[in-house]
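As structure tokens, the structure follows; a few thoughts come after it.
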Protein chains: 2
Amino acid sequence: MKGDRTRQSILDRAVDLASLEGLQGLTIGRLADDLGMSKSGLFAHFGSKEELQLATLEAAGERFLNEVLRPALKQPRGYPRLVAICDAWIDYIGRDVFPGGCFFAAASFEFDGRPGLVRDAIAANMHDWIGALEKAITIAKEEGHLRDDVDPSQLAFELNSLFFGANFDCQLRGERKALDRARRAVHERLAIASQPLRPARRRTA
Amino acid sequence: MKGDRTRQSILDRAVDLASLEGLQGLTIGRLADDLGMSKSGLFAHFGSKEELQLATLEAAGERFLNEVLRPALKQPRGYPRLVAICDAWIDYIGRDVFPGGCFFAAASFEFDGRPGLVRDAIAANMHDWIGALEKAITIAKEEGHLRDDVDPSQLAFELNSLFFGANFDCQLRGERKALDRARRAVHERLAIASQPLRPARRRTA
DNA sequence: CCTACCGATCGGTAGG
DNA sequence: CCTACCGATCGGTAGG
């Protein structure tokens with residue numbers, strides 16, 4: 001029981017630290033210092049740095065599910081739920097759920113060139129997230145809220161891109177308008193996907 | 001003369017290494033080993049790790065300008081140049097200009113939580129890049145190729161988001177369709193921005 | 001550009 | 001959960 005509580009408090013701190021310094025930049029010594037415990041005492045909970053990284057990822061995933069995806073999934077099927085997921089993602093950056101912005105965007109870019117179990121776990125998390133987006137889009141099509149010719153993978157790709165772009169603009173550039181821009185882009189994109197027909201006019205010049 | 005050549009060969013290797021392992025993961029010892037020279041010999045060229053990181057960033061910026069932006073800027077003003085910049089960016093990921101994908105996307109996410117000169121230099125690079133995108137959009141408006149009500153900052157944000165999304169899908173997920181999806185999204189977005197008028201129809205249900 | 005070295009910190013272990 | 005320790009590597013320096 002107490003071991004579990006200790007472990008959870010370690011992981012909460014590890015998630016915050018890693019969101020700022022990266023999953024590789026997370027060190028056992030620094031983490032132990034922050035928590036006022038010995039390095040080896042902390043180490044004993046995990047057995048290796050890789051296990052600590054994997055456990056940290058899992059804890060970050062839980063936080064994301066609780067703070068972002070699960071509440072949005074309570075919205076009614078179709079367009080409302082899809083919009084709720086998108087708005088929840090954008091709000092999630094503004095609410096500082098992780099102190100360094102989106103944990104998984106940062107982890108994705110950090111580990112895309114580092115093969116191993118950590119990279120695989122990050123990819124699995126992102127696969128699930130993109131899958132949830134695609135599923136919400138597919139349901140919205142089934143409900144007749146989106147055009148039949150909407151490609152769920154394509155639209156999910158575009159929405160996720162806007163989320164990553166918003167995170168970038170917010171975290172690195174400190175652009176205050178970033179979230180508003182993302183919201184505007186997402187809502188215009190969804191409006192297009194819900195239009196009954198769009199004439200294929202292009203510029204004539 | 002010879003010192004300059006050595007320095008450049010160090011930086012070429014540093015750029016490749018950092019694109020895979022990150023600018024922080026880049027270590028002087030590893031880099032020296034790769035190049036078959038002593039750590040202190042390499043170190044003498046820069047004086048500190050931070051200076052090495054800044055020089056590596058500068059070298060990566062030069063490579064990006066030569067491989068991506070400058071060729072595209074040779075295209076005629078307006079829509080053709082804007083499209084060329086976008087296509088050049090997407091091709092740049094497919095051509096493996098950097099072995100780990102887009103150097104600056106990775107650096108942006110790595111350093112957005114680490115204040116200092118390196119982060120400032122990354123932000124300056126991204127500022128210039130977004131500025132170049134905005135300028136190309138503004139010129140396309142002036143030429144009458146894009147609608148008057150197009151917001152250059154908004155459109156540049158959306159295009160850059162799609163680029164980052166494509167990099168993510170390619171590098172982490174190994175999604176072969178990533179570049180096609182990005183191309184399709186970019187071209188549809190630009191087609192919308194170039195339509196003379198778009199009815200504000202939304203779903204009625 | 002080298003050898004030789006510094007203190008600090010890394011992940012990890014022994015033993016309790 | 002601790003103290004005490006390991007070899008390896010970190011960024012950086014002295015001296016040539």
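The sequence lines fix the lettering, A, B, ..., with proteins before strands; numbering per chain opens at 1.
One atom, CG of A:D4, and another, P of D:dC1, lie 11 Å apart when rounded to the nearest Å. Distance A:K39 NZ to C:dC10 P: 7 Å, rounded to the nearest Å. Between the C1' atom of C:dG11 and the CG atom of A:D33 lies a distance of 15 Å, rounded to the nearest Å. Regarding A:I10, its CD1 atom lies at a distance of 10 Å from the C1' atom of D:dC1, rounded to whole Å. In this structure, B:R7 places its CZ atom 12 Å from P of C:dC1, rounding to the nearest Å.
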Practice task
Give the C-alpha distance, both sets of side-chain angles, the deciding distance and a yes or no for side-chain contact (heavy atoms from CB on, under 4.5 Å) between A:E158 and A:D151.
Solution key: CA-CA 11 Å; A:E158 295 182 29; A:D151 177 347; over 6 Å; no
Problem - Test log, rule side-chain contact (heavy atoms from CB on, under 4.5 Å), inputs B:T27 and B:L31 - result: CA-CA 6 Å; B:T27 71; B:L31 187 54; over 6 Å; no
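Taking a cutoff of 4.0 Å between a charged side-chain nitrogen and a carboxylate oxygen, A:D180 and A:R183 qualify as a salt bridge. With respect to the salt-bridge test (charged N to carboxylate O, under 4.0 angstrom), the residues B:D169 and B:R173 qualify.
Between A:W129 and A:F163, the ring planes are tilted. Angles from 30° to 60° get that label.
Every residue meeting the salt bridge (Lys or Arg N to Asp or Glu O under 4.0 Å) condition with A:E143, not counting sequence neighbours, appears here in chain and number order: A:R77. The side-chain hydrogen bond (donor to acceptor under 3.5 Å, both in side chains) search around A:N167 returns none, not counting sequence neighbours.
A donor-acceptor contact shorter than 3.5 Å links the side chain of B:N66 to the backbone of B:E62.
A 4.5 Å side-chain heavy-atom check between A:E175 and A:C170 finds every atom pair outside the cut-off. Put simply, the side chain of B:L26 does not reach to within 4.5 Å of the side chain of B:E21, judged on heavy atoms.
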Filtered N/O pairs between nucleotides 14-16 of chain C and protein, under 3.5 Å:
none

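Aromatic ring centres of A:F98 and A:F64: separated by at least 6.0 Å. A ring-centre distance under 6.0 Å is found for B:F164 and A:F168.
Residues from residues 43-50 of chain A with heavy atoms under 4.0 angstrom of DNA chain D, sorted by number: A:H45. Across residues 15-32 of chain A, not one residue has a non-hydrogen atom less than 4.0 Å from an atom of DNA chain D.
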Exercise for the section: Would you write the dot-bracket representation of DNA chain D, where each base gets (, ), [, ], | or . depending on whether it forms a Watson-Crick or G-U pair under 3.5 Å and with which partner? Expected result: ||||||||||||||||
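When each of A:D87, A:I139, A:L146 is tested with A:L82 by the rule side chain to side chain contact (heavy atoms under 4.5 Å, CB included), just one qualifies, namely A:L146.
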